[in-house]
Student: 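Structure in structure tokens, see below.
Computed from a predicted structure; not experimentally measured. Numbers restart at 1 for each chain; the letters A, B, ... are given by sequence-line order, proteins then strands.
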Amino acid sequence: MLKCELKKFFSKKTNKAILTALLLGAVIISFLAVDNMSYTDTGEEITTGFSKITAGRRIEAEKNQWKGELTPEKIADAAKSYHELKQSDSEGVPNLESEKTGPPLDILYFAAKIYQTENDVILLADLDRLAETDHGHIYDTYADNLQDVAVEYAKTPEQEKLLTEQFGKIKFPVTYEAYDAWEIMAEDAEMYIMVLVVVIGFLAAGIIDEEFRTHAEKIFFTTKYGRSKAVRNKIIAGMLATTIVYWAGIGILSLISFGLMGVSGFDTPCQIDDPYIMYTITKGQRYLLVVVCGYIASLLSAAVTMLVTAKMHTEKVAVFIPILMYWVSYIVVRLTVVDAAYFVPYILVNMDNAAKYYIFFQIGNVVFRLIPFVMVLYVAVSIILLPFIYRSCSRYDSAKSIKKRSKYLEVK
Amino acid sequence: MELRFKGVSKQYGDVLAVDNVSYSMETGVYGLLGVNGAGKTTLMTMLCAVTRPTAGEITWDGKDIFRLGERYRDLLGYLPQNFGFYPDLSVSDYMMYIASIKGIRPDTAKKRIKELLEMVGVSKYKGRKMKTLSGGMARRVGIAQAMLNDPKILVLDEPTAGLDPNERIRFRNLISGLAEDRLVLLSTHIVSDVEFIAEQIILMKDGKFFFTGTSEELTSGMEEGVWSCTVPSDKVNQYMQKYPVGNVKHVSGGVELRLLSKTPPSENAVREEATLEDVFLLYFGEKAGDEDAEI
Ligand SMILES: Nc1ncnc2c1ncn2[C@@H]1O[C@H](COP(=O)(O)OP(=O)(O)OP(=O)(O)O)[C@@H](O)[C@H]1O
Ligand SMILES: [Mg+2]
């Protein structure tokens, strides 16, 4: 039965067209991502010529000469090397071909952000000045700063404890490996996910809408399983189709992108470019977080649109809901002053920023950070909605009639 | 095997679409005859447990059909008036889908689909997409899907609407072939659809059953006689106002009318044998025939 339902889904003409467009989109975004690869060294951005396809790999190889633990010595080395490069070539722009490449700026920025906590913009001159600094105590400074952040951003003692605990998990010295591919892909995947969640909502709504739009529902609801198993299968098909479409899209996107750019930097901690975020995960894990949250967003999208379609007997309203949930609710987060507003579904498709917020959810002594909380919350919401879809389909027309019937009998 | 209506009514806003109907059906073909808006479809959707009656009860062997739920629907085959299907599925995929939601196992379903498509004469189109079928072909598939679970109760809501006369005759034969050992309820506003194949005829008007019985009972129960007479052309209107008039035929020397009257309408009038068409004319006040079948 499920097989038939899925066959129906994939043989629908509009669905075929949409799926083709999605896959094409994945391919295009992959190549755009690869195209985005650039190598920043002494300050000028250099996009690496026409052979961009391999740029990622070359940048990786270049930067990874510096890979490993960022000990104070290594940071000092990097700072010195950068300074020398600047001195020797104040006008000319070093590039990959000229072998004049300097240390990865990622390392210098990391150091600068530890010394300069006031959140000012870090200038290239600041990086140059790192050569004069003694880096012997950089990790002590870092640890002190972390403690300050914990005090500053925690609103309750429990939150402070949680922050201290999380910061305690950061391993000193921080390790470095070129993570450019993960950085670019986190962004591009999010862009793709923003589209996926809306399209998936539309596709899932179609599974229910199709019955009403084609007037096939009279037959559907008069068959033996038309109000039980067949409805259940529609819901399962909706969730399965969501899963298949989502992971096929993300799979292709990831395969092409990382296939071309390489996976260097999977284990580089996110602290490398944002030393004070409260999630101790690596760049690779963050990418996984982005795509998993995108998947949760897709499930939620499918559940909501299917429910609204089942209730209204048409998808006309339902298909706009994901746009509200994931695109428009962005405004809420931007304009908001209350923490609660950060819990809108939009957060699911904006992990990149979400990781930077110090937002907590606390009941009594139990504190959750924003990201794990919205993940659990929206998985739960998606699951809770499913029985309502079932109910509203399996009671097709009769629930309304029962109300009317009792009214009619009262009048009589 | 008994399907029974007990005081069934259905109200839509101010409209009483079905008005206190009580009736009982067993095996055989039942022809539900009525003009547009008589309440045929409403009655059938209630019978198929799609909508609930506002008042009254429908029972199958004494049990409420809404309580029976799945067990009742398992006995049901339904071709709705607006037969909707999934346009992008092929005929055989469509049949497989309906079979699956009717709870028929795939291997059994395949055999059954092959038989049914042959029976309704669309096997050579089984690979075609549903949306590419003509109206008549689609309706045949509609009948085939209704028959998939070998239903005890087969409900066909205007299965012949929009079909050409030849096709309609073929349908009629097809349906009478299906009637063995099951209850077939067939709605139409075309008398000839049911005249020969329905054992029981139900005349429905304004939500009520106002006559039920066999075709003979209907015609013999008529107080009016059926007459055919030739009148001058200028008198036709006069006759039309005075009597219910069926066929109007121009002949040399005037117009030949077929009309209903208790007494001979003119001296040269000849008594004719009453048909179901005449009954329809009498009760519904309009001529029902193949000509106005395209609705
Ligand atoms: N869903 C509905 N909402 C409101 N009124 C309805 C609805 N369905 C039917 N009606 C009304 O109930 C009455 C009976 O309609 P029904 O469709 O049962 O007639 P019918 O005999 O099947 O007519 P037709 O020969 O045109 O198919 C009509 O007056 C119609 O307007
Ligand atoms: Mg009707």
Student: What part of B/Y72 lies closer than 4.5 angstrom to a heavy atom of chain A: side chain, backbone, both or neither?
Tutor: neither
Student: Are the charged groups of A/K234 and A/E211 less than 4.0 angstrom apart, N to O?
Tutor: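 The answer is yes: the pair qualifies as a salt bridge.
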Student: Tell me if the aromatic rings of B/F209 and B/Y23 count as close, with their centers under 6.0 Å from one another.
Tutor: yes
Student: Does this structure show an ion pair linking B/R140 with B/E167, if we count only N-O contacts that are shorter than 4.0 Å?
Tutor: yes
Student: Is B/R128 reaching over with its side chain to a backbone N or O of B/T132, donor-acceptor style, under 3.5 angstrom?
Tutor: yes
Student: Is A/E5 in contact with chain B via its backbone, its side chain, both, or neither, using a 4.5 Å heavy-atom distance?
Tutor: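 Both backbone and side chain.
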Student: Side chain, backbone, both or neither: which part of B/Y97 has a heavy atom under 4.5 Å from chain A?
Tutor: both
Student: Can you list the steps and then say if A/S11 with B/Y86 is a side-chain hydrogen bond (donor to acceptor under 3.5 Å, both in side chains)?
Tutor: CA-CA 10 Å; A/S11 62; B/Y86 315 111; over 6 Å; no
Student: Using a 3.5 Å distance criterion without hydrogens, assess whether the side chain of A/N233 forms a donor-acceptor pair with backbone atoms of A/K229.
Tutor: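 Confirmed, A/N233 side chain pairs with A/K229 backbone.
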Student: If we ignore hydrogens and angles and just use 3.5 Å, is the side chain of B/D61 paired with the main-chain N or O of B/E2 as donor and acceptor?
Tutor: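 Yes: the side chain of B/D61 pairs with the backbone of B/E2.
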Student: Whether the side chain of B/Q145 engages the backbone of B/Y78 through a donor-acceptor N/O pair (distance < 3.5 Å, no angle test) should be reported.
Tutor: yes
Student: Taking it one step at a time, do B/D64 and B/T59 satisfy side-chain hydrogen bond (donor to acceptor under 3.5 Å, both in side chains)?
Tutor: CA-CA 4 Å; B/D64 187 285; B/T59 59; over 6 Å; no
Student: Hey, is B/K208 close enough to B/D206 for a salt bridge, meaning N to O under 4.0 Å?
Tutor: no
Student: Check whether B/D74 gets within reach of chain A through its side chain, its backbone, both or neither, counting any heavy atom under 4.5 Å.
Tutor: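 For B/D74, the contact with chain A is made by backbone and side chain together.
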Student: Taking only heavy atoms into account, what residues of residues 295-307 of chain A are found under 4.5 Å from chain B?
Tutor: none
Student: Check this for me: does any side-chain nitrogen of one of B/E70 and A/R227 sit under 4.0 Å from a carboxylate oxygen of the other?
Tutor: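 Looking at B/E70 and A/R227, the cut-off is not met.
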Student: Contact part of B/T45 toward chain A, heavy-atom cut-off under 4.5 Å: side chain, backbone, both or neither?
Tutor: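 Contact with chain A is through the side chain of B/T45 alone.
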Student: Do you know which of A/E210, A/K8, A/K12 has the most heavy-atom pairs with chain B at a distance under 4.5 angstrom?
Tutor: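 Of A/E210, A/K8, A/K12, A/K8 has the most heavy-atom pairs under 4.5 Å with chain B.
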Student: Counting a contact as any heavy-atom pair under 4.5 Å apart, which residues of residues 218-226 of chain A contact chain B?
Tutor: A/K218, A/I219, A/F220, A/F221, A/T222, A/T223, A/K224, A/Y225, A/G226
Student: Taking only Lys NZ, Arg NE, NH1 and NH2, and the carboxylate oxygens of Asp or Glu, determine whether A/K13 and B/D88 approach each other closer than 4.0 Å.
Tutor: no
